[in-house]
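First up is the structure itself, then whatever we jot down about it.
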Amino acid sequence: METKYIFVTGGVVSSLGKGIISASLACLLKAHGQRVTIQKYDPYINIDPGTLNPYEHGECYVTVDGHEADLDLGHYERFTNVRTTRANNVTTGRIYQSVIDKERRGDYLGKTVQIVPHITDEIKRNIMLLGKTGDYDYVITEIGGTVGDIESLPFLESVRQLRWELGDNSLCIHLTYVPYLHAAKELKTKPTQHSVKQLQELGIQPDILVLRTEKDIPQQMRRKIAQFCNVAPDAVIQSIDCASIYEVPLRMHDQHLDEIVLRKTGVEVKSAPDMGAWLHFVDRLHSASETVTIGLVGKYVELQDAYKSISEALLHAAVYNDRKLDLCYIHSEKLYDHNVDEMLGGLDGVIIAPGFGQRGIEGKFAALKWCREHDIPTFGICLGMQCMVIEYARNVLGLPEANSTEMNPSTPHNVIDLMEEQKSIHNMGGTMRLGAYDCRLQPGSRVAGAYGTTDVKERHRHRFEFNNDYRRLFEQAGMKCVGENPATGLVEVVEIPGKRWWVGTQYHPEYSSTVLSPHPLFLSFVAAAVKYHEEKLLQTIPAETDQTTIE
């Protein structure tokens, strides 16, 4: 079968959920036995989001091949169980860089380099790359931003050209917003009509409309939209608010989105999609009656997208432990020794979040000291693991000035130090230790037990590392280095065996957790938090009074 290309565009406002719709469709097509991948085209000029502040763009996701990518790629992987790579996320910056490099080499033979055809040809070449591998039946391409954005125009022009070139092997899904005016108590379709009109003015006729809404859109109103937008009535689908993003594929299937796509691209619908495992997950998500409360300590908690993969990995683990997740975001800049008991006292487990820089770091140390002394299940990720090491050095090893050279370059005890290969690097973008690397776990350790193996491969994003000069000192005092890279000796995992659950990982296990394959470390961490919660409940039940009378 020839590869089919699906283009997903957006209108009216941003953040409507193009990524979730794209991922949901991919999930459904996979359940029909199709081989599917998704790619995101971002219109900003940054080469990748690696140098963007999380307040600007949310989480920076890392692919297995070491590409810093848009957070939507995390949704793609979580919904499809298919790993993404550098080819799945392209920015305007990448496109222009490639075209300029070609111009400098003389590839254009002295021609004037222009948006059309040179930039659009480069966009089209990238869009088609994944399809040319022969590995996929469908390639879904999400175009970032909204119709009408100046920076999106070259991408939309490329889509227009590809629609003509690909014919029946392509289609366009347009996601728009249908607002509800509370004062008038009415849904308004005009924004959608204008959005589609703008798309048509660019030469693109959508085949399917997905209407984002907080209220149910009556069938008559959907027929009106279909009539004004030249779309078949059965191809106007609503995406109403759901309690969980993991319900969206099911709601899309209820309205036959998957069947419409298959039919419009000439693929016979032979049977219903195999969504049994997905339904099982959603049923457990909704049927859980007890709660596990996890605190996430970080400095970007005002923008929860900054920790999206962690929150989703925790949710996956909670569901498979038959618990509802109560995730409390705790700002590390507002955490001190004098209020840490009040802030963390009711939690069943604590995550110390990744990040960079000095801001909020002392709050993480306060949290870690309190959690360690009160034996709360605690999980440190990347900088969180490094903070575990620093706190332990200060308060257990008796090295009060211990620090990372990231925070204090002149610290006398650099228990965390810049990696040797990073010392000659000056450019910020794409130069960290990135992507999946091997890790060998110590047999009998808690983490090896969680994984069920001693050899794993996990994704990294960091410049600093555990200083092996201090390794013996830490291990003699009770913190064990139980995971290391077999090629370099880089310490990947630390744990304190005597605690309920005290683990730090230099890598980012959250990137690998999906709906159908929850990450084993998160499963183990949440299981420990559940057990701790149950222990606390038992302590609050008064002991039965012995009523036996002694004669």
Mark yes or no for whether [X], through its side chain, and [Y], through its backbone, hold a donor-acceptor pair below 3.5 Å.
| X | Y | value |
| --- | --- | --- |
| Lys30 | Thr80 | yes |
| Asn88 | Thr85 | yes |
| Gln255 | Gln238 | yes |
| Thr133 | Leu130 | yes |
| Arg94 | Asp48 | no |
| Ser158 | Pro154 | yes |
| Arg86 | Thr63 | no |

>> I need the full list of ring-ring contact (aromatic ring centres under 6.0 Å, His included) pairs touching residues 14-48, with sequence neighbours left out, sorted by first then second residue.
In response: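 Applying ring-ring contact (aromatic ring centres under 6.0 Å, His included) to every pair that reaches into residues 14-48, excluding sequence neighbours, yields Tyr41-Phe155, Tyr44-His57.
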> Which pairs with one or both residues in residues 111-138 pass ring-ring contact (aromatic ring centres under 6.0 Å, His included), sequence neighbours excluded?
Replying inline: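 Sorted result for residues 111-138: Tyr108-His118.
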Salt-bridge test for [X] and [Y]: reply yes if a basic N is under 4.0 Å from a carboxylate O, no otherwise.
| X | Y | value |
| --- | --- | --- |
| Arg104 | Asp101 | no |
| Lys215 | Asp241 | no |
| Glu465 | Arg433 | no |
| Asp70 | Lys40 | yes |
| Asp234 | Arg263 | yes |

Do the side chains of [Y] and [X] get nearer than 4.5 Å, heavy atoms only?
| X | Y | answer |
| --- | --- | --- |
| Cys439 | Glu484 | no |
| Ile38 | Val82 | no |
| Lys264 | Lys4 | no |

May I ask you to check whether [X] and [Y] show a side-chain donor-acceptor distance below 3.5 Å?
| X | Y | result |
| --- | --- | --- |
| Thr91 | Asn46 | no |
| His462 | Gln386 | no |
| Arg83 | Ser512 | no |
| Glu157 | Thr120 | no |
| His508 | Ser309 | no |

[X] atom [atom1]: more than 12 heavy-atom contacts under 6.0 Å:
| X | atom1 | answer |
| --- | --- | --- |
| Asp283 | CG | yes |
| Ile45 | CD1 | no |
| Asp254 | CG | yes |
| Lys102 | NZ | yes |
| Glu2 | CD | no |

> Taking the inter-plane angle between the rings of His460 and Tyr507 on a 0 to 90° scale, is it parallel (under 30°), tilted (30 to 60°) or perpendicular (over 60°)?
Replying inline: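 Ring orientation, 0 to 90° scale: perpendicular.
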>> Below 30° counts as parallel, above 60° as perpendicular, anything between as tilted: where do the rings of Tyr61 and Tyr511 land?
In response: perpendicular
> Can you check side chain to side chain contact (heavy atoms under 4.5 Å, CB included) on Val236 and Ile217, steps first, answer last?
Replying inline: CA-CA 10 Å; Val236 179; Ile217 302 172; over 6 Å; no
> Testing Leu441, Asp438, Val447 for side chain to side chain contact (heavy atoms under 4.5 Å, CB included) with Val456, which one passes?
Replying inline: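 That would be Leu441; it is the only one of Leu441, Asp438, Val447 passing the side chain to side chain contact (heavy atoms under 4.5 Å, CB included) with Val456.
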> Please walk me through it: do Arg463 and Leu418 pass side chain to side chain contact (heavy atoms under 4.5 Å, CB included)?
Replying inline: CA-CA 6 Å; Arg463 297 185 192 277; Leu418 186 66; 4.0 Å; yes
Side-chain donor-acceptor distances from residues 11-28 under 3.5 Å, at least two apart:
residue : atom : partner : partner atom : Å
Lys18   : NZ   : Gly145  : O            : 3.1
Ser22   : OG   : Lys18   : O            : 2.8
Ser24   : OG   : Ile20   : O            : 2.7

>> Please determine whether salt bridge (charged side-chain N to carboxylate O under 4.0 Å, His left out) holds for the pair Arg461 and Glu59, giving the CA-CA distance in whole Å, both sets of side-chain angles, and the decisive distance to 0.1 Å.
In response: CA-CA 12 Å; Arg461 186 176 184 248; Glu59 170 187 78; over 6 Å; no
> Checking side chain to side chain contact (heavy atoms under 4.5 Å, CB included) for the pair Leu162/Met128: CA distance, chi angles, key distance, verdict?
Replying inline: CA-CA 9 Å; Leu162 283 171; Met128 301 289 286; 3.9 Å; yes
Applying salt bridge (Lys or Arg N to Asp or Glu O under 4.0 Å), can you list everything that pairs with [X], at least two apart in sequence or on another chain?
| X | answer |
| --- | --- |
| Asp455 | Arg440 |
| Glu312 | Lys308 |
| Asp65 | none |
| Arg105 | Asp107 |

How would you list, by chain and number, every residue that makes a ring pair (Phe, Tyr, Trp, His ring centres under 6.0 Å) with [X], sequence neighbours excluded?
| X | answer |
| --- | --- |
| Phe466 | Phe474 |
| His67 | none |
| His75 | none |
| Tyr177 | none |

>> Ring centres under 6.0 Å, that's the criterion: do Tyr451 and His519 meet it?
In response: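 Close enough - the centres of the two rings lie under 6.0 Å apart.
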>> Rounded to the nearest 0.5 Å, what separates atom CD1 in Ile352 from atom CE in Met385?
In response: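 One finds 14.0 Å between CD1 of Ile352 and CE of Met385.
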>> Quick test of your reading: applying side-chain hydrogen bond (donor to acceptor under 3.5 Å, both in side chains), list the pairs with at least one residue in residues 139-151, sequence neighbours left out, ordered by first then second residue.
In response: Gln39-Thr141, Tyr76-Glu142, Thr146-Asp149
>> Tell me which one of Tyr246, Phe525, Phe522 satisfies ring-ring contact (aromatic ring centres under 6.0 Å, His included) with His316.
In response: Tyr246
> Step by step, would you call Asp207 with Arg163 a side chain to side chain contact (heavy atoms under 4.5 Å, CB included)?
Replying inline: CA-CA 11 Å; Asp207 301 279; Arg163 291 298 313 279; 3.1 Å; yes
> What's the verdict on side-chain hydrogen bond (donor to acceptor under 3.5 Å, both in side chains) for Ser517 and Asn81, showing C-alpha distance, side-chain angles and the deciding distance?
Replying inline: CA-CA 8 Å; Ser517 300; Asn81 243 20; 3.2 Å; yes
> Of all heavy-atom pairs between Cys229 and Gln200, which one has the smallest distance, and what is that distance?
Replying inline: O-NE2, 3.4 Å
